[in-house]
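Notes follow the structure.
For this chain, numbers begin at 1 and follow the sequence in order. Read the numbers this way: they start at 1 and go in the same order the structure lists the ligands and their atoms.
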Amino acid sequence: MSFLTNLFKRSGSTRNPATTDPIRSQAPRIYSRGEHSVSRRYISEGALKVLYRLNNAGFKAYLVGGAVRDILLERLPKDFDIATNAHPEEIRDLFRNSRLIGRRFRLAHVRFGREIIEVATFRAGHDGDEDGASINDGGRILRDNVYGELHDDVWRRDFTVNALYYDINDFSIVDYVGGVEDITHRRLRLIGDPALRYREDPVRMLRAIRFASKLDFDVDDATLEAFDRYGDLLKEIAPARLFDESLKMFHSGHGLKTFESLHETGLFAHLFPQAAQTFEPDPHSYNLVIESMRNTDQRLADDKSVNPAFIFAAILWGALQARFSSLIADDVNEIEAFSMAADDVISEQVRRVAIPRRFTTVAREIWLFQSRLCRPTRKRADKLLDHPRFRAAYDFLLLRARAGEPLSDIAQWWTDLQDTDDDGRETMLATLHQPAKKNHRRSRSPRRKSAD
Ligand code: ATP
Ligand code: MG
């Protein structure tokens, strides 16, 4: 059963008037220490230090967001976010090990060794005209630095399950939006009117998919329905932010599920338009993304390292092939066609999702190795085996075979070559013929189809 059908299955009757039409002054439900499972035992030392120091300095301090949600779900929090009424400069003055970051959303990072605690000042609603605020004509929040109190901040958060505040003062949980109940029923609900909230920040659609996949939650109808209408707004988001979000989506250990629902909701095409276009004419390219997500999830589950270049190489493989074929059809020689196709596909992609060069370089190498792996020569095979990128390129070849490309024999040959001893390897290599000296076709400038 597809993930999306799964998402819809249990949803429908999950609307809570308190969150679809918030009455801002309503009293919160307070869960006292005895009524919930969040214990300081599960909170990192760094986060506790920040909470206590803020509190001792006379500020309010709450653990909020993913950490509270994850502890209630008996999951290990990924990181710790703190909300306070201290202003960014006050936070910076309290912690020598802190720095202020972000323009759109200013907050403090407090560092303890490798751990970074995010400390954000309570936000208040605004119409874009106040100091520190800015909203564009479409309703997107460009700057969100108007400060308020907890009862203002709660409505600025994205999902009910992310809007629970653990009070370091009395260890209670403050819940204005029915988040604890939603956690119990495993449902993901956006706070407020989806149209408004997605226009304010379209990345919330990606976050909805990410959390539903990671937590195995149902998404309520209203939260999902707006995707069709607002997916296009992702175009307006900074490509660097979309890269960060893509990394989180595909490298959280639930990449396959996330990808499937991104695809089914149509959001994937807004992030990777070239790739999405190849899925239908070339089902292998779709299968390759599935296989690479499955592979990455498995590696993460086994505590193995993953290089993000691999996933991006897989996502763009179909687009690379399509571009390459059209250049070959235009009489460009293979070497040049490969290089141009890789350049074209990457440069078009990074305008949408800014994959950093250190990853696109590796993706290119993985691609470049594919033709070499598929046509091994005696001289080349030895060299390839020793190359630092061999492993990734070989894994990529295996996944292509698994995705249905007719490569099982050659993939098996490379597997055998690595498994055998020196003599065996010598015998295998001896069976490879040396390529006859090729008459390389002279490179020609491509004739663009449109120019014909
Ligand atoms: P993760 O486990 O991925 O860290 P998280 O819920 O903690 O999940 P963060 O990105 O760390 O997510 O953000 C911390 C909190 O800040 C969220 O729980 C949410 O309350 C709020 N938040 C983050 N991004 C947004 C957003 N785009 N719109 C509204 N609220 C947001
Ligand atoms: Mg977090």
If you measure from the Lys or Arg side-chain nitrogens to the Asp or Glu carboxylate oxygens, is any gap between Asp153 and Lys60 under 4.0 Å? no
Could you check whether any side-chain heavy atom of Phe159 comes within less than 4.5 Å of a side-chain heavy atom of Arg207, counting everything from C-beta outward? yes
Does the pair Lys49/Glu115 count as a salt bridge with the N-to-O cut at 4.0 Å? no
Would you mind running through ligand 1 and noting each atom that sits below 4.0 Å from a heavy atom of Arg156? 29 (C), 30 (N)
Quick check: does Gly66 get an N/O under 3.5 Å from an N/O on ligand 1? yes
Name of the Asp79 N, O or S atom nearest the Mg ion (ligand 2)? OD1
Considering only non-hydrogen protein atoms, determine which one is nearest to atom 27 (N) of ligand 1 and report residue, atom name and distance to 0.1 Å. Asp201 OD2, 2.7 Å
Using atom types as modelled and distance alone, determine if a side-chain donor or acceptor of Arg111 lies under 3.5 Å from a backbone N or O of Gly113. yes
N or O contact, Arg197 vs ligand 1, cut-off under 3.5 Å: no
Using heavy atoms and a 4.0 Å limit, tell me yes or no: is Arg241 in contact with ligand 1? yes
Going by an N to O cut-off under 4.0 Å, is there a salt bridge joining Asp343 and Arg364? yes
From the options Glu245, Arg207, Glu118, select the one whose nearest heavy atom is closest to atom 9 (P) of ligand 1. Arg207
Compute whether any side-chain donor of one residue and acceptor of the other, for Tyr176 and Arg157, lie under 3.5 angstrom apart. no
Exactly one of Asp182, Thr223, Asp220 clears side-chain hydrogen bond (donor to acceptor under 3.5 Å, both in side chains) with Arg189, and that residue is Asp182
Protein heavy-atom partner closest to atom 28 (N) of ligand 1 - residue, atom, separation in Å: Arg204 NE, 2.8 Å
Classify the ring geometry of Tyr147 against His87: parallel below 30°, tilted from 30° to 60°, perpendicular beyond 60°. tilted
protein heavy-atom neighbour closest to atom 30 (N) of ligand 1 works out as Asp158 N, 3.2 Å
Between the side chains of Glu291 and Arg400, is the shortest nitrogen-to-carboxylate-oxygen separation below 4.0 Å, so that they form an ion pair? no
Of all protein heavy atoms, the one nearest atom 1 (P) of ligand 1 is Lys78 CE, 3.6 Å
Numbered atoms and elements of ligand 1 in range of Gly65, under 4.0 angstrom, heavy atoms: 18 (O)
So does Glu45 have more than 12 non-hydrogen atoms from other groups sitting under 6.0 Å from CD? no
Does only the side chain of Lys214 get under 4.0 Å from ligand 1, or the backbone, or both, or neither? Count heavy atoms. side chain
What protein heavy atom sits nearest atom 21 (C) of ligand 1, and how far off is it? Arg157 NH1, 3.4 Å
Heavy atom of the protein closest to atom 14 (C) of ligand 1 (residue, atom name, distance): Asp81 OD2, 3.3 Å
Can you tell me the protein heavy atom closest to atom 3 (O) of ligand 1 and the distance? Arg210 NH1, 2.9 Å
Out of Asn145, Asp144, Asp152, which one pairs with Arg123 under the side-chain hydrogen bond (donor to acceptor under 3.5 Å, both in side chains) rule? Asn145
Just to check, does Phe211 reach to within less than 4.0 Å of ligand 1 when the distance is taken from its heavy atoms? yes
Assess Arg69 for proximity to ligand 1: is some non-hydrogen atom of it under 4.0 Å away? yes
Hey, is there an N, O or S on Asp81 sitting under 2.8 Å from the Mg ion (ligand 2)? yes
Check each of Phe272, Phe250, Tyr286 against Phe259 using the ring-ring contact (aromatic ring centres under 6.0 Å, His included) test, and report the only one that passes. Tyr286
Tell me, please: is Asp79 in heavy-atom contact with ligand 1, that is, under 4.0 Å? yes
